[in-house]
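Presented below is the structure to which this report refers.
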Amino acid sequence: MEPITLTTERLLLRPFREGDADEVYAACQDPDIQRWTVVPSPYTHADAELFTRKLCPGGWQDDSMYNFAVVRREDGAVTGALGINRRNLPGTYEVGFWTAKEHRGLGYMTEAVLAAAHWTFTSLGADRLEWRAEAGNEPSRAVALRAGFHMEGDQRSGLLNKGVRRDTWIGALLPSDLGLPGAHPYLPVALPSAPATGPSTGLPTGLRGTSTAP
């Protein structure tokens, strides 16, 4: 796919450029990014160059992952990174992201995730967008919740991070959560109805009456 740019009220989500390597390198010196994401640790300038010059363009070329620099429109500052990765299941993608320390708490990543999700559903034909994070990554979970993801539970040993397997949280966003049609019909499981209760006993109908000893 040819790289594209998404625009929101405050942000541009554009493909990474070679010139972004310095800002990516600076942001990824943050111990929290190295701890909670799968970026290398320590993170070198060569890692940033590999990411911006090879991995990001390559993902667009082979349609395996679509990485965006999350850029502030007013001054062009790179506030973070967001990627949409293709999963093995048809119509399923995964979102991942990090925010530079000095740009946290301003709602930029929630704004970016919503824009990327809308594009994933309308342009990629996705029926499901997943979010995963290591259990305990509360800031990432907060972004996902603000963007409307439904938390679906825990996965044991769901993430390999720097040679160690860790448990993960998982959530998902569907097109209908954003008021959009899906590429395929979705039939959710029918939840069982609560049993009817008697008017005075609170017992299910059919169990009322006088109890007798056997």
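Here the structure is a predicted model, which is why all the values come from computation and not from measurement.
Listed by chain and number, the residues in a ring-ring contact (aromatic ring centres under 6.0 Å, His included) with H45 are Y25 (sequence neighbours excluded). Judged as a side-chain contact (heavy atoms from CB on, under 4.5 Å), and not counting sequence neighbours, the contacts of N85 are M65. By the salt bridge (charged side-chain N to carboxylate O under 4.0 Å, His left out) test, E134 pairs with R35, R166, sequence neighbours left out. Residues meeting the side-chain contact (heavy atoms from CB on, under 4.5 Å) test with T5, sequence neighbours left out: L12, R14, P15. By the side-chain contact (heavy atoms from CB on, under 4.5 Å) test, S140 pairs with F97, W131, A133, N137, sequence neighbours left out. Every residue two or more places apart in sequence or in another chain that forms a ring-ring contact (aromatic ring centres under 6.0 Å, His included) with F16 is listed here: F51. K162 meets the side-chain contact (heavy atoms from CB on, under 4.5 Å) test with S41; sequence neighbours excluded.
Among residue pairs with one or both ends in residues 40-50, none qualify as salt bridge (charged side-chain N to carboxylate O under 4.0 Å, His left out); sequence neighbours excluded. Residue pairs satisfying the salt bridge (charged side-chain N to carboxylate O under 4.0 Å, His left out) criterion with at least one member in residues 144-159, sequence neighbours excluded, are listed as follows: R128-E152. Applying the salt bridge (charged side-chain N to carboxylate O under 4.0 Å, His left out) test to every pair with at least one member in residues 78-99, sequence neighbours left out, gives these pairs: R87-E94, R87-E130, E94-R132.
Put simply, V38 and V95 are part of two different groups of oily side chains (I, L, V, M, F, W, Y) that touch within less than 4.5 Å, one to the next.
Side-chain contact annotation: E18 with T52, donor-acceptor N/O pair under 3.5 Å absent.
Applying the 6.0 Å contact sphere to NE2 of H118 captures no more than 12 heavy atoms from other residues, nucleotides or ligands.
The shortest side-chain heavy-atom distance between N67 and L55 does not fall under the 4.5 Å cut-off. A 4.5 Å side-chain heavy-atom check between Y66 and L124 finds at least one atom pair inside the cut-off. At a threshold of 4.5 Å between non-hydrogen side-chain atoms, the residues T99 and Y108 do not count as touching.
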Do any side-chain atoms of residues 171-189 form donor-acceptor pairs under 3.5 angstrom with protein atoms, and if so which ones, sequence neighbours left out?
{"from": "D177", "atom 1": "OD2", "to": "L174", "atom 2": "N", "distance (Å)": "2.8"}
{"from": "H184", "atom 1": "ND1", "to": "D127", "atom 2": "OD2", "distance (Å)": "2.7"}

Throw together a table of side-chain donor-acceptor distances under 3.5 angstrom for residues 68-82, partners on residues two or more places apart or in other chains.
{"from": "R72", "atom 1": "NE", "to": "D75", "atom 2": "OD1", "distance (Å)": "3.1"}
{"from": "R72", "atom 1": "NE", "to": "D75", "atom 2": "OD2", "distance (Å)": "3.3"}
{"from": "R72", "atom 1": "NH2", "to": "D75", "atom 2": "OD2", "distance (Å)": "2.6"}
{"from": "R73", "atom 1": "NH1", "to": "T8", "atom 2": "O", "distance (Å)": "2.7"}
{"from": "R73", "atom 1": "NH1", "to": "E9", "atom 2": "O", "distance (Å)": "3.3"}
{"from": "D75", "atom 1": "OD1", "to": "A77", "atom 2": "N", "distance (Å)": "3.1"}
{"from": "T79", "atom 1": "OG1", "to": "V70", "atom 2": "O", "distance (Å)": "2.9"}

